[in-house]
Amino acid sequence: MGWLSVGGVGMSESEVEIVILTGAGISAESGIATFRGADGLWEGHRFEDVASPEGFRRDPGLVHRFYNLRRAGLGEVAPNAAHLALVRLEREWRGRFLLVTQNVDDLHERAGSERLVHMHGELKKALCEGCGKSWEWVGDLGTGDACVYCGRVGVVRPDIVWFGEIPYGMDEILGALGRCRIFVSVGTSGSVYPAAGFVDLARRVGARTVECNVAETSASGNFGERRTGLATEVVPALVEELLGSAW
């Protein structure tokens, strides 16, 4: 059993909880385009039109086409070295571990991640606005599809958390942040809340905070450490370091 010194406090590795937050940057290296560009558009669409409840009610066909293309594109990409390194960390770390992703793709699952929360939903799930239940969905989704639970038509949408909606798993995430001793952010701009505030919550409990990104972000100053470079390079190196310090 190894020991760590985190925030000046010695503890066994089984007591150390790690929370990892991933964003679009980790998936971009697998070939998935980031949704929101510098111009505020999501691949040519206003986010109000394709990423809000109001947009879905105005033009559900447009919203379905947008996400159907994203869902179909998942078959053309694969997990990269950063995804695989986080799987290794999850499996070999003896303390608590939670991976929180803002991404709606399935690359973490395909890499082998299990202790995972999709706070913004998943492309491969459908959600019924009528009964509130969700289920796996792999093909195209349209206005004529019925809920597999209540049977209603016209109320089935992608199971994506849109602007103005509450992210999934917040109780679990906040609980983990309140206990964590290490918090790592990978490939996220740190500009969208509530995820942008996670580093502050981790710092309040004295956690070691590490940002991994290709460039400085608006949140960089809130982290105790920064690793600059491609996620496929800096994440495997960080995982190696973390596992080496634990044993």
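These numbers come from the heavy atoms of this one structure, side chains and all, not from hydrogens, waters or symmetry mates. Quick note: residue numbers are just sequence positions, from 1. In this text the structure is predicted, and so the values were computed from the model without any measurement.
- Under the rule for a salt bridge (Lys or Arg N to Asp or Glu O under 4.0 Å), the partners of R227 that lie at least two apart in sequence or sit in another chain are E225, E241.
- Distance CG/L74 to CG/L69: 11.5 Å, rounded to 0.5 Å.
- With sequence neighbours excluded, the residues forming a ring pair (Phe, Tyr, Trp, His ring centres under 6.0 Å) with H83 are H108, listed by chain and number.
- Judged as a salt bridge (charged side-chain N to carboxylate O under 4.0 Å, His left out), the pairs with a partner in residues 162-175 (not counting sequence neighbours) are, in order, R157-E165.
- With sequence neighbours left out, the ring pair (Phe, Tyr, Trp, His ring centres under 6.0 Å) criterion links H120 to no other residue.
- Scanning both residues, Y67 and L123, for their nearest heavy atoms gives CD2-CD2, 3.8 Å.
- Looking at every heavy atom in both residues, T188 comes nearest to T217 through O-CG2, 4.0 Å.
- Residues L62 and H45 are in side-chain contact: their nearest non-hydrogen atoms beyond the backbone lie under 4.5 Å apart.
- Under a 3.5 Å cut-off, the side chain of S113 and the backbone N or O of V87 do not form any donor-acceptor pair.
- Legend: residues meeting side-chain hydrogen bond (donor to acceptor under 3.5 Å, both in side chains) with E122, ordered by chain and number and at least two apart, are K125.
- Hydrophobic clustering (side-chain heavy atoms under 4.5 Å, transitive across Ile, Leu, Val, Met, Phe, Trp, Tyr) keeps V19 apart from L242.
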Give every donor-acceptor pair under 3.5 Å between a side-chain atom in residues 231-240 and any protein atom, sequence neighbours left out.
unit_1	atom_1	unit_2	atom_2	d
T232	OG1	E29	OE1	2.5
E240	OE1	R88	NH1	2.7

message: Set out, in order, the CA-CA distance, both residues' side-chain angles and the distance that settles side-chain contact (heavy atoms from CB on, under 4.5 Å) for E17 and V205, then state yes or no.
response: CA-CA 12 Å; E17 180 157 0; V205 296; over 6 Å; no
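- Counting only heavy atoms from C-beta outward, the side chains of T101 and L107 never approach each other to under 4.5 Å.
- Closest of all the heavy-atom pairs between G23 and Q102 is CA-OE1, 3.9 Å.
- The hydrophobic clustering, which links ILVMFWY residues whose side-chain heavy atoms are closer than 4.5 Å, places I182 and I26 together.
- Heavy-atom minimum distance, L89 versus L243: CD1-CD2, 3.8 Å.
- Rounded to the nearest 0.5 angstrom, E90 CD and L98 CG are separated by 9.0 Å.
- L21 contributes atom CG, which lies 8.5 Å from atom CG of L99 (distance to the nearest 0.5 angstrom).
- Of all non-hydrogen atoms in V184 and C212, the two that sit nearest each other are CG1-SG, 4.1 Å.
- Atoms OG and CZ, on S220 and R226 in that order, are 4.0 Å from each other to the nearest 0.5 Å.
- Atoms NE2 and CZ, on H64 and R71 in that order, are 9.0 Å from each other to the nearest 0.5 Å.
- Counting only residues at least two apart or in different chains, salt bridge (charged side-chain N to carboxylate O under 4.0 Å, His left out) contacts with residues 58-69 comprise D49-R58.
- Every residue two or more places apart in sequence or in another chain that forms a side chain to side chain contact (heavy atoms under 4.5 Å, CB included) with S189 is listed here: S191.
- Other residues, nucleotides and ligands contribute more than 12 heavy atoms inside 6.0 Å of the CZ atom of R115.
- Its side chain within the 4.5 Å cluster rule, L127 clusters with V161, Y168 among the Ile, Leu, Val, Met, Phe, Trp and Tyr residues.
- When side chains are defined from C-beta on, W93 counts as touching I18, because their heavy atoms get closer than 4.5 Å.
- Taken together through direct or relayed side-chain contacts under 4.5 Å among Ile, Leu, Val, Met, Phe, Trp and Tyr, L116 and F97 form part of one hydrophobic cluster.
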Let me check something: any side-chain donor-acceptor pairs from residues 132-150 under 3.5 Å, sequence neighbours excluded? List them with distances.
unit_1	atom_1	unit_2	atom_2	d
W137	NE1	G139	O	3.1
W137	NE1	D140	O	2.9
D145	OD2	G142	N	2.7

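- Counting heavy atoms from C-beta on, the side chains of L86 and T22 come closer than 4.5 Å.
- Annotation: ring pair (Phe, Tyr, Trp, His ring centres under 6.0 Å) contacts of F223 (sequence neighbours excluded): none.
- Residues L230 and I32 do not share a hydrophobic cluster, defined by chaining ILVMFWY side chains whose heavy atoms lie under 4.5 Å apart.
- In the hydrophobic clustering of ILVMFWY residues, with side-chain heavy atoms under 4.5 Å counting as a link, V192 and V117 come out apart.
- Screening residues 102-112 for salt bridge (charged side-chain N to carboxylate O under 4.0 Å, His left out), with sequence neighbours left out, gives D106-R110, D106-K124.
- Separating the CG atom in N222 from the OG1 atom in T209 is a distance of 8.5 Å, to the nearest 0.5 Å.
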message: Between I173 and F198, is the side-chain contact (heavy atoms from CB on, under 4.5 Å) condition met? List the steps.
response: CA-CA 9 Å; I173 295 168; F198 289 174; 3.6 Å; yes
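- Ring geometry for W162 against F56 counts as tilted: the plane angle lies between 30° and 60°, on a 0 to 90° scale.
- Shown here for P194 and M170, the closest heavy-atom pair between the two residues is CG-CE, 3.9 Å.
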